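Worksheet: one structure, shown below.
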Amino acid sequence: MPELPEVETVRRMLAPLVTGRRLLEIEHDDPARYATAEAAVGRRVLVLRRRGKYLIFTLEGGIELIVHLGMSGSLRISEGTHTRARLEFEEATVFFNDPRRFGRLQAVPTGDYRTLPTLARMGPEPLSRGFTARVFAARLARAARPLKPALLSQEPVAGLGNIYADEALWRARLHPARPANALAPSEVRRLHRAVRAVLRRAVDRGGSTLGDGAYTRPDGEPGYFQIEHAVYGRAGEACLRCGGTIERSVLGGRSTHFCPRCQGGQAATMPTRG
DNA sequence: GCGTCGTCCTGCGCGC
DNA sequence: TGCGCGCAGGACGACG
């Protein structure tokens, strides 16, 4: 499932192919989903940037083409088995592959994210200078809910999904069910460092490609961070830090992986499943 | 305003 | 072997 490292990997590979090129045509099979993207046709790409898990093609004429890969989407330079849209640029073609159709492709006036509330409310970029422990603490303090769903909301910090939220919480030795607004300053600093460290490392490794193969780079190659996962997908296995047994629970409707021994806190109150 | 839950969608694994 | 069921996930709207 594409999170910040996967989307950043895609951006780095596609940017040289599309920057400065005109988008000539968008061909798709689903007008209900992708018709608004057609407003981007005929415009030149000024820059391809990333905000959280969103890819944003900034186009001439005050238009942005926003791409969200959902949980199974990918942008590829060759056609896949579930290609939903084909973006024809001058001298380059990009295929939007999305088996489960959770991805989005739409054009908006630059900066107008009224139809994308998560993007509009999104917290700071975790690898930017603006993401300080002080800023993070202030944003976490707004949420009374557990850390895991709070992080998935994108409001304390941008770009974390199910995998990297679990990995960051493990690195910070924080239980996923701890209320987000109840962390000590030292715990916020630990989580701040952990988020940045996990994401930096994952970007370096080209993201995570899981067994379902849902995410691959644009050239079809996998990422390699999955072999460094400490908790995600390791339920029942030994914790790499303390030797405890990794548990899988459901929190905020999402599978959550953690070590009850060294991530302490409210482990005893967590419902378990699976 | 905030948190929770259901919905969207489809490939895959599992049990029968 | 083949069928049916449940699960996985991010975003968002409805609801309390």
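A, B, ... follow the sequence lines: proteins, then strands. Residue 1 opens every chain. As a basis for the values below, the full set of heavy atoms in this structure was taken, side chains included, without hydrogen atoms, waters or symmetry mates. Just so we're clear, the structure is a prediction, and the values are computed from it rather than from any experiment.
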**Prompt:** Does A/Phe102 or A/Gly253 map to a spot on DNA chain B nearer the 5' end, using the closest nucleotide for each?
**Reply:**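 Closer to the 5' end of DNA chain B: A/Gly253.
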**Prompt:** Between B/dC9 and A/Ser72, is there an OP1 or OP2 to side-chain N/O distance shorter than 4.0 Å?
**Reply:** no
**Message:** Measuring to OP1 and OP2 of B/dT10, would you say a side-chain N or O of A/His82 lies under 4.0 angstrom away?
**Reply:** no
**Prompt:** Does C/dT1 have a Watson-Crick or wobble mate here (both distances under 3.5 Å), and if so which one?
**Reply:**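 Its partner is none (no Watson-Crick or G-U wobble pair with both distances under 3.5 Å).
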What nucleic acid atoms does [X] come within less than 4.0 Å of, heavy atoms only: base, sugar-phosphate, or nothing?
X	answer
A/Arg33	sugar-phosphate
A/Gly161	sugar-phosphate
A/Arg254	base
A/Tyr232	sugar-phosphate
A/Arg101	sugar-phosphate
A/Leu69	nothing

Taking the basic N atoms (NZ, or NE/NH1/NH2) and the acidic carboxylate oxygens, is any pair closer than 4.0 Å for [X] and [Y]?
X	Y	result
A/Glu187	A/Arg178	yes
A/Glu6	A/Lys53	no
A/Asp219	A/Arg76	no

[X] [atom1] - [N] [atom2] separation (whole Å):
X	N	atom1	atom2	value
A/Asn162	C/dA11	CG	C1'	13 Å
A/Asn181	B/dG1	CG	P	18 Å
A/Met122	C/dC12	CE	P	9 Å
A/Arg145	B/dG1	CZ	C1'	12 Å
A/Leu160	C/dA11	CG	P	11 Å
A/Arg100	B/dC8	CZ	C1'	13 Å
A/Lys148	C/dG10	NZ	P	8 Å
A/Asn97	B/dT10	CG	P	13 Å

**Item:** Heavy-atom check, side chain of A/Val10 versus side chain of A/Leu55, under 4.5 Å
**Value:** yes
**Prompt:** Do A/Phe131 and A/His192 have ring centroids that are under 6.0 Å from one another?
**Reply:**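 Yes, they do, as the ring centres are separated by less than 6.0 Å.
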**Message:** Closest approach to the side chain of A/Ala143, judged atom by atom: which nucleotide of C/dC12, B/dG3, C/dG10 is it?
**Reply:** B/dG3
**Item:** Nearest to side-chain heavy atoms of A/Pro99, which nucleotide of B/dG11, C/dG10, C/dA11
**Value:** B/dG11
